[in-house]
Engineer: 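A single structure is presented below for examination.
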Amino acid sequence: MSRNFAALAVVASSVLLRVSAQGASVTYTSGTPLASKHFDYPDGIPYRADPDDGVRGTQFGYNLCNSTTENQSSLCQTAFINALDDFCLWAPPNGPETIGDTEQEEVAWCTKPGRGTRVIPEGALQGVQFMKTPDYLQVVGFIDQTKINMAGDDFGGELDPHGADFRGNPLGGLVYSNGFPASNGDNNTFIQAIEWHNFMGGGAFCFKICDPAGAHAADFCQHIYDRIGCAYNAPNNAQNGSFTSCEGDDQDFPGVYTSNGQVLTYTQPPESLGVISTLPYQPRVPASSNCLTFSSADLFAAAATTTASSSASASG
Ligand SMILES: *[C@@H]1O[C@H](CO)[C@@H](O)[C@H](O)[C@H]1NC(C)=O
Ligand SMILES: *[C@@H]1O[C@H](CO)[C@@H](O)[C@H](O)[C@H]1NC(C)=O
Ligand SMILES: *[C@@H]1O[C@H](CO)[C@@H](O)[C@H](O)[C@H]1NC(C)=O
Ligand SMILES: *[C@@H]1O[C@H](CO)[C@@H](O)[C@H](O)[C@H]1NC(C)=O
């Protein structure tokens with residue numbers, strides 16, 4: 001199922017922005033691109049990673065998140081991908097909304113309390129696969145997206161730290177992990193993922209964060225294939241109803257495939273050419289090993305307690 005989900009996902013607004021950027025009608029005039037900003041966690045986190053006011057306005061929420069910001073109205077925009085039971089997704093602050101309509105303002109929804117964010121409500125996650133490879137961490141899963149302010153019929157779109165104005169979607173969104181090798185298994189050492197992509201929609205999601213120490217972080221976390229979803233950007237064998245943590249080999253770079261011994265690069269057609277109904281390749285799902293399977297109740301017990309006490313304020 002997951003291999004086909006959101007294969008035709010479209011993010012109208014970001015595609016249009018990118019097209020106009022290529023036509024040079026949008027230029028970046030102020031500030032440093034989000035993907036060039038580095039902040040240590042927790043001591044170096046600014047109130048807002050993006051203090052600018054540009055074509056798309058100001059950052060919607062904030063990055064400095066703590067116990068005072070932690071409730072179901074939190075506008076925290078600092079996310080984490082740590083482990084099967086410890087990750088966040090980007091989703092709308094108010095709902096129901098589509099990702100395409102709210103991409104610049106998404107907030108962090110996390111599996112656990114403790115970092116000043118919203119918590120993904122109990123029962124929303126229907127199946128999750130966490131994958132650790134030499135170059136990235138990836139979480140893929142199935143979700144009742146209406147529980148995180150998404151419209152039920154949204155086939156979604158892509159969030160990443162780029163965009164036509166280089167301010168990211170969401171603007172100023174930051175992502176950290178204690179799961180990269182340089183963290184040394186120390187659960188308190190968080191490294192900033194400079195390159196990442198998160199596809200949300202069609203009742204599923206994938207969120208890949210690339211190890212900044214790797215030589216190809218920007219390639220594995222490529223952000224230009226925003227219309228072809230998780231199947232092509234994060235090939236996986238996640239199963240609905242199953243909660244699994246694995247180690248795996250690296251994928252091919254999104255958009256790069258081998259046909260008759262030749263390495264080729266796919267060009268995503270512009271939206272003006274209509275729906276993408278066929279692609280010239282099937283992505284390769286890399287081998288995985290050491291998979292551990294858990295029950296949902298074991299994993300998300302903390303979410304259950306949090307949601308019970310804050311459900312009155314859910315969905316902002
Ligand atoms: C907690 O977060 C809020 C909102 O970002 C910020 O104003 C406040 O200074 C933070 N408190 C501490 C102790 O960091
Ligand atoms: C959530 O926390 C913020 C920041 O402390 C506060 O302003 C807001 O009233 C809280 N909202 C709810 C619904 O508790
Ligand atoms: C880090 O957290 C994971 C679970 O999230 C746990 O299994 C592991 O033992 C922890 N490591 C340390 C060094 O505390
Ligand atoms: C995943 O399983 C749940 C529970 O059976 C189901 O409601 C949901 O539609 C499934 N999601 C997808 C994307 O197939």
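None of the values given here were measured: they were computed from a predicted structure. Whatever order the structure lists ligands and atoms in, that order sets their numbers, starting from 1. The first residue of the sequence shown is numbered 1, and numbering continues consecutively from there. We use all heavy atoms of the structure for the numbers below, so side chains are in, but hydrogens, waters and symmetry mates are not.
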Engineer: Under the salt bridge (charged side-chain N to carboxylate O under 4.0 Å, His left out) rule, collect the residues that match up with Asp252, sequence neighbours excluded.
Structural biologist: Arg284
Engineer: Salt bridge check, Asp165 against Arg56: does any charged N sit closer than 4.0 Å to a carboxylate O?
Structural biologist: yes
Engineer: Before accepting this row, confirm whether a basic side-chain N of the pair Asp211/Lys132 lies closer than 4.0 Å to the acidic partner's carboxylate O.
Structural biologist: no
Engineer: Supply the atom-to-atom distance Asn236 CG to Gln251 CD, rounded to the nearest 0.5 angstrom.
Structural biologist: 8.0 Å
Engineer: Would one find an N or O of Cys65, backbone or side chain, under 3.5 Å from an N or O of ligand 1?
Structural biologist: no
Engineer: Determine, stepwise, if the pair Asp250 / Thr133 fulfils side chain to side chain donor-acceptor pair (under 3.5 Å).
Structural biologist: CA-CA 6 Å; Asp250 282 335; Thr133 82; 2.6 Å; yes
Engineer: Counting each atom of ligand 4 from 1 as listed, which ones have a heavy atom of Phe142 under 4.0 Å away?
Structural biologist: 12 (C), 13 (C)
Engineer: For atom 10 (C) of ligand 2, which candidate among Thr69, Asn71, Asn66 provides the closest heavy atom?
Structural biologist: Asn71
Engineer: By number and element, which atoms of ligand 2 are closer than 4.0 Å to a non-hydrogen atom of Ser73?
Structural biologist: 11 (N), 13 (C)
Engineer: Please work out which of the three classes, parallel, tilted or perpendicular, describes the rings of Tyr41 and Tyr176, given edges at 30° and 60°.
Structural biologist: tilted
Engineer: Among all protein heavy atoms, pick out the one at the shortest distance from atom 6 (C) of ligand 1; state its residue, atom name and that distance to 0.1 Å.
Structural biologist: Leu64 CD2, 4.0 Å
Engineer: Taking only heavy atoms of Thr68 into account, list the atoms of ligand 2 that are under 4.0 Å away from them.
Structural biologist: 2 (O), 4 (C), 5 (O)
Engineer: Taking only heavy atoms of Tyr47 into account, list the atoms of ligand 1 that are under 4.0 Å away from them.
Structural biologist: 4 (C), 5 (O)
